[in-house]
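A short worksheet on the structure shown next.
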Amino acid sequence: MSCAVRLRTGNSPSSITNIYDKLLETKSLRHGKIVHQHLLKNTSHNSPILLAKLTRLYITCNELDLASRVFRTIPYPQRKNNVVLWNHMIRAYAWKGPFDRAIDLYYEMVESGVTPTNFTYPFVLKACSSLQALQDGKRIHDHARRLGLESDVYICTALVDFYAKCGCLVDARKVFDKMYDTDVVAWNAMISGSSLHGLYGDTMRLIVQMQEAGLSPNSSTVAAILPAIGEGNQLSQGKTVHAYCVRRSFHSDVVVATGLLDMYGKCGCLVYASRVFDIMGVKNEVTWGAMIGAYISCDFVSEALELYNQMLIGNGICSSPVIIGSVLRAWTKLTDLSGGRRVHGYIIKAGFDYSLMMGNTLLSMYAKCGTIEDVVRLFDEMGVKDSVTYNAIISGCAQNGKAKEAIVIFQEMQLSGIKPDLATMVGFLPACSHLAALQHGACAHCFSAVSGFTTETSICNALIDMYSKCGKVDIARLVFDRMQKRDIVSWNAMIFGYGIHGLGKEAILLFHDMQIAGLRPDDVTFICLLYACSHSGLVAEGKKWFVDMNQDFCIVPRMEHYICMVDLLGRAGLLNEARSFIERMPCDPDVCVWSALLSACKIHKNIELAEEVSNKIQCLGPESTGNFVILSHMYSAAGRWDAAANVRIAQRDLGFKKSPGCSWVEINGVVHAFVGGDQSHPHSAEIYRKLEDMLIDMKRLGYRSESSFVFQDVEEEEKESILLYHSEKLAVTFGILSLGSDKPILVTKNLRICVDCHTALKYITIITKRKITVRDASRFHHFRDGICNCGDFW
DNA sequence: ATAGGGTTAG
């Protein structure tokens, strides 16, 4: 059609309007744009009706920006009166987004005096629902009520959907219950809302009620409930739904089938997931994303990456932000930083939107791969942050030994106005556990209680761990006793708590209680139990449980169990038995197994065996520095300085640096750290003076420094001073100076406590009449009135 | 319908 030519021939305005009209009726975007061009040039041809028609055409063609531009040029009275056009504009934005434009248009409509109709509300409410804009939705609900539109079935359904998506399920239910006629769509709104918020029980109850009301779930219902089933790990329920889908022929629907495979993946049933995937006729990007995610959830990470490549190469499907998120999670699970970095580069190069979720995924990858510098840099770059952002960085720090940083960031989070949630606290408490920062931990406990988190099993589990690692095993037990529901982690954490305090009998009692309560011990339970036996010298019990674990509980021992057993036997002085135990192992012992024996050789001063064990460790590649240190200590103790020096030279040549011994003490919520011979603390002078004073009293009571454990060949007096300024002594002394005389002192050390400090602290408890507790890398030492509860071997 | 944060383990 050569309309452009005809338009130039000086027709009268009314005939031109007719031509415009005809062009718009073709519903062709190209024609619309031609009319638009001419209207811009010949403003005299503008008529409100034409402009309205052009707006409609643009809406139909999904050109919302253009539609909106033309809409605004319609003169006021005509625009005001064309309610239908307002509704169309709002509906278009509510469908396609940006959703906030729909809400803005609604407000503009009301403010310019246009009365919304029953068609307006479902659309604007849908926009509120997509944005989870609770306040706006409530206001709009109020408007509809005042207009007497409350019984309109479409509005009610939209309201149910809106409240349910915002998580206000009580309000959703209120609207729902008032409805005269609830159809499948209204039920689906209720059901998908509770499913979206992970309320598995409620979702299933609603399904039953729906069927009792005589309605059958349709494919949308099924698609809505499958994520909740997956998250609730309800495999048998999921299979029932699958069967229902087959009966109703929903299973060939790509949305339902994708939901099914995702559900199987989340339930850990990879075989079923991939079977659904394989027989699917139509697969889209979401299907591939779900399958890749299923592989990752089931720990088949390299298979997931392989599938991703298959998708790109053989199936013509491009990456999407969601799939890239999954790929990042795969590298995270492999703790493969370079893989993660490559994906990060790809995200930048491909120009993917840097959404909050993508940022959080990247942050979590860097955090789990242990590069705190990258985490902090990314964190600072992120413009928008939410609680997940903070949770990722806090737990990332806590899991990578940066507990002090975790505390600082937790404080920053509170200043930023983002409220810590349940996951924040569960991720933060281990940082307190690690530092034995009881005051921070107790504050976190109070905050959790006030926020209503302490009814949750996960938070109580973290609290049990925190209190027992902060030396308060009694409070840990109180938390344990008051829990409404305990899971396997609760019992394991409590048993381990008793173990580190040398309370083996209590650990065994709890192990029995656990079985009476109907819980089946798992592999971790036995690690905790054997550890407890080992640290309380309960050799016979430990041996018995090791056998029972295999025979009665069908748990195949892992390396960790063997390590516990070698530790148990070795600690008790049964060095030969420990060695033959290792020789009988059905699998090859790793370095940690031999290290456990080497530590035992040190306790029982058996240099010959230590040398032999040390050679084995050398052959395996001595992964850690601790083994060199032990052997060198033993040679030193025997006065064999040359041998000790050779070990240290070998250690240096192989590139192993001794990690410095570090001790810390929490005073009024501030953690003070010390290394050996440290003079950097502001109160250093006082601390050293106090220590020297105490040394005089200690000597009077019979203390002799264990100078054989100084590893350089130096004069006695010098040895004494090297020992005197060990980090644990400095931290204890600072505690004595800073805390009231009735207060017990808790010091934490990153390595095992040294023999001399162990002896010295006993004397210090007598001199200062204080209780002193040291948590070293291995366990708790409770010093009281000149004795330690560890029984002097550790 | 697919992506982000959390508890026990020498």
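So that the names make sense, note that chain A is the first sequence line, chain B the second, and so on, each numbered from 1. The figures that follow rest on heavy atoms only: side chains count, while hydrogens, waters and symmetry mates do not.
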Margin query: Less than 4.0 angstrom from a charged side-chain N to a carboxylate O is my criterion; do A:R275 and A:D278 meet it?
Written below: no
Check: Are the aromatic ring centres of A:H445 and A:Y467 under 6.0 angstrom apart?
Finding: yes
Margin query: One character per nucleotide, please: for nucleotides 3-10 of chain B, 5' to 3', B when the base has a protein heavy atom closer than 4.0 Å, S when only the sugar-phosphate does, - otherwise.
Written below: BBBBBBBB
Checklist line | Residues which pass side chain to side chain donor-acceptor pair (under 3.5 Å) with A:S326, listed by chain and number, not counting sequence neighbours | finding: none
Checklist line | Residue among A:F546, A:W545, A:F511, A:F496 satisfying ring-ring contact (aromatic ring centres under 6.0 Å, His included) with A:F526 | finding: A:F511
Next item on the list: Using atom types as modelled and distance alone, determine if a side-chain donor or acceptor of A:T457 lies under 3.5 Å from a backbone N or O of A:K485.
Entry: yes
